[in-house]
Amino acid sequence: MARIVPMASSIKPSLTSFKFSATSRFALPRSAPNLCRSLSSLHLSSVIPQLQPFGLRTSKLFKEDVRSRSVTVAGNATQASSTATTHENVLEWVKQDKRRMLHVVYRVGDMDRTIKFYTECLGMKLLRKRDIPEERYTNAFLGYGPEDSHFVIELTYNYGVDKYDIGSGFGHFGIAVEDVSKTVDLIKAKGGKVSREPGPVKGGNTVIAFIEDPDGYKFELLERGPTPEPLCQVMLRVGDLDRAIEFYEKAYGMELLRKKDNPEYKYTIAMLGYGPEEKNAVMELTYNYGVTEYDKGNAYAQIAIGTDDVYRTAEAVKLCGGKVTREPGPLPGINTKITACLDPDGWKTVFVDNIDFLKELE
């Protein structure tokens, strides 16, 4: 993967033009043909008196001009309809695209210390590690199963940087365990920090606990039966939940799995993903009443999602109002095709070509 550096318009017919909304699908306005016929049948002296001396030649030219404009209007409407159809096709394709959350990327100040904590306290496996000395950074991938079928963590250590600002926008990662209390006892024994003791979630029955890793990233432990995807959540805070949900559904092709408002505690959450949250990693978006912006810091980086076509993905993101920060194409050196974008709140996502990703793992 690429190196992570720390740090509707209205319709207004007139004699000269017709303006159409490029996002609407329609035929010519009902008034347009009638208008053209009316103009061609009008006596010229009633429209442009000063043209009378020129006689039939002027009349012919005027009628040809009207017909020409009529053809232009029809062409513009056809083009608008075609564009709208193309947009619909792209957004429909997003729903059919084979997408999966691949990994979450963030920065740490001591790679060996973090790997030790994740493997000994959280039960993860070190899947692979690569050092890029010429660019002065190291990556490590950890998780509960192989990368070609599981959501994993990609850690980035930049030479000489031992501390990052997590900010207030990042929330936590979620890990499903069969016994929260037992896991918490192990973490305490290893010197880990427990910020919320085991107990039922507010307003529910699920037993949870919160811990922090050596860099201060929060992990929510959720008591759950055996699951194929223990690394199950990434929680981010957003300033407009409905806007975020619409964007993730349309541009990212995610499904809104559930939404819950907690007026007592003044927040609302939405779970989105590519399958049931008991079996898949999901995005947990949180809206805190009255808060529209957050400090993102420089620690958390991005989510990576697999796609069959990074080019069409970038097109869909643009259509839905997202910002493409890296145009689709192959990465230098490894030729893996990617595109990077920002959601309406500025959270970054990288889409990776599915076939290229599997080749990268070989």
Side-chain angles (χ1 to χ4, degrees), residues 1-7 99-119 121-133 135-159 161-162 164 166-167 170-175 213-219 229-236 252 273-274 280-283 296-307 310 325-326 331-334 336-342 347-354 356-362:
M1 298 300 300
R3 181 187 179 190
I4 304 299
V5 182
M7 305 297 305
R99 296 190 173 182
R100 179 176 71 86
M101 290 171 60
L102 304 177
H103 48 254
V104 59
V105 187
Y106 53 100
R107 306 170 181 97
V108 297
D110 186 325
M111 182 68 82
D112 292 336
R113 177 186 65 183
T114 303
I115 290 174
K116 180 179 175 67
F117 182 85
Y118 288 3
T119 54
C121 296
L122 300 179
M124 294 186 190
K125 297 178 181 179
L126 176 62
L127 303 172
R128 60 186 170 115
K129 186 178 179 181
R130 61 187 180 191
D131 187 39
I132 315 294
E135 296 189 38
R136 298 179 57 78
Y137 77 95
T138 303
N139 284 139
F141 295 78
L142 298 99
Y144 295 99
E147 292 177 65
D148 60 359
S149 58
H150 286 71
F151 183 57
V152 306
I153 287 170
E154 178 182 344
L155 302 176
T156 298
Y157 167 70
N158 292 288
Y159 290 10
V161 183
D162 61 5
Y164 294 96
I166 294 178
F170 170 78
H172 61 258
F173 304 113
I175 295 181
D213 76 358
D215 288 275
Y217 291 101
K218 290 182 173 61
F219 284 79
E229 195 68 277
L231 182 60
C232 57
Q233 292 178 1
V234 177
M235 193 277 261
L236 302 174
Y252 290 2
Y274 297 109
N280 299 271
V282 300
M283 297 295 301
K296 295 180 177 59
N298 63 353
Y300 173 86
Q302 65 208 30
I303 291 281
I305 297 175
T307 176
V310 297
T325 56
R326 188 193 190 282
L331 285 169
I334 61 175
T336 297
K337 293 183 289 295
I338 72 165
T339 187
C341 62
L342 301 179
W347 294 113
K348 184 178 179 182
T349 299
V350 173
F351 286 88
V352 185
D353 181 271
N354 285 325
D356 292 348
F357 177 69
L358 293 177
K359 289 180 180 178
E360 193 177 324
L361 298 179
E362 293 176 355

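Excluded from the calculations below are hydrogen atoms, water molecules and symmetry mates; all remaining heavy atoms, backbone and side chain alike, are included. Everything numeric in this text was worked out from a predicted model, so none of it was measured.
- Although no hydrogens or angles enter the test, the distance criterion places a donor-acceptor pair under 3.5 Å between the side chain of D215 and the main chain of G109.
- Side chain of R99 to backbone of G273: no donor-acceptor contact under 3.5 angstrom is found.
- A cation-pi arrangement is absent between R100 and Y274, since the terminal nitrogen or guanidinium carbon is not both under 6.0 Å from the aromatic centre and inside a 45° cone about the axis.
- To the nearest 0.5 Å, the span separating CG on L122 from CG on L142 amounts to 10.0 Å.
- Between F219 and F173, the ring planes lie tilted relative to each other; the angle falls in the 30° to 60° range.
- The nearest pair of heavy atoms linking V152 to G145 is CG1-O, 3.9 Å.
- Among Y164, Y217, Y106, W347, the single residue meeting the ring pair (Phe, Tyr, Trp, His ring centres under 6.0 Å) criterion with Y300 is W347.
- To the nearest 0.5 Å, atoms OG1 (T138) and CZ (R130) are separated by 10.5 Å.
- In terms of heavy atoms, T119 sits closest to L126 at CG2-N, 4.2 Å.
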Are R107 and Y137 close enough, and set up right, to give a side chain to side chain contact (heavy atoms under 4.5 Å, CB included), and what steps lead you there? CA-CA 10 Å; R107 306 170 181 97; Y137 77 95; over 6 Å; no
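- Residues passing the side chain to side chain contact (heavy atoms under 4.5 Å, CB included) test with N280 are P276, sequence neighbours excluded.
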Before you tell me yes or no, could you show the steps for L236 and M283 under side chain to side chain contact (heavy atoms under 4.5 Å, CB included), namely the whole-Å CA-CA distance, both residues' side-chain angles and the distance that decides it to 0.1 Å? CA-CA 8 Å; L236 302 174; M283 297 295 301; 3.7 Å; yes
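- Taking both residues in full, the closest heavy atoms of R128 and L361 are given as NH2-CD2, 3.6 Å, listed atom of the first, atom of the second, then distance.
- The backbone N or O of R326 sits less than 3.5 Å from a side-chain atom of T339, completing a donor-acceptor pair.
- Taking all atoms of both residues into account, the shortest heavy-atom contact from I115 to A140 is CD1-CB, 4.0 Å.
- Listed by chain and residue number, nothing satisfies the ring pair (Phe, Tyr, Trp, His ring centres under 6.0 Å) test with F151 (two or more places apart in sequence, or in another chain).
- Using a 4.5 Å heavy-atom cutoff, the side chains of V108 and R113 are not in contact.
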Please test I175 against L231 for side chain to side chain contact (heavy atoms under 4.5 Å, CB included), starting from the C-alpha separation and ending with a verdict. CA-CA 5 Å; I175 295 181; L231 182 60; 4.2 Å; yes
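- Residues Y157 and D110 form no side-chain contact, since every pair of their non-hydrogen atoms from C-beta on lies 4.5 Å or further apart.
- With a 4.5 Å cut-off on side-chain heavy atoms, N139 and L155 do not count as touching.
- By the 4.5 Å heavy-atom criterion applied to side chains, L127 and H150 are not counted as neighbours.
- In this structure H172 satisfies the side chain to side chain contact (heavy atoms under 4.5 Å, CB included) test together with F210, K218, E220, Q233, M235, E284, sequence neighbours excluded.
- N158 places no side-chain N or O within 3.5 Å of a backbone atom of V161 that could act as its donor or acceptor partner.
- Taking both residues in full, the closest heavy atoms of G123 and Y144 are given as O-CE2, 3.5 Å, listed atom of the first, atom of the second, then distance.
- Considering OG1 of T336 and NZ of K359, their distance stands at 9.0 Å, rounded to 0.5 Å.
- Using a 4.0 Å cut-off between charged side-chain N and carboxylate O, D112 and K129 make a salt bridge.
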Under the side-chain hydrogen bond (donor to acceptor under 3.5 Å, both in side chains) criterion, do Y159 and D131 qualify, and how do the steps go? CA-CA 10 Å; Y159 290 10; D131 187 39; 2.7 Å; yes
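- In plain terms, the two heavy atoms of V350 and A340 that are nearest each other are CG2-CB, 4.0 Å.
- Y252 places none of its side-chain heavy atoms less than 4.5 Å from the side chain of M101.
- Side chain of D353 to backbone of I338: no donor-acceptor contact under 3.5 angstrom is found.
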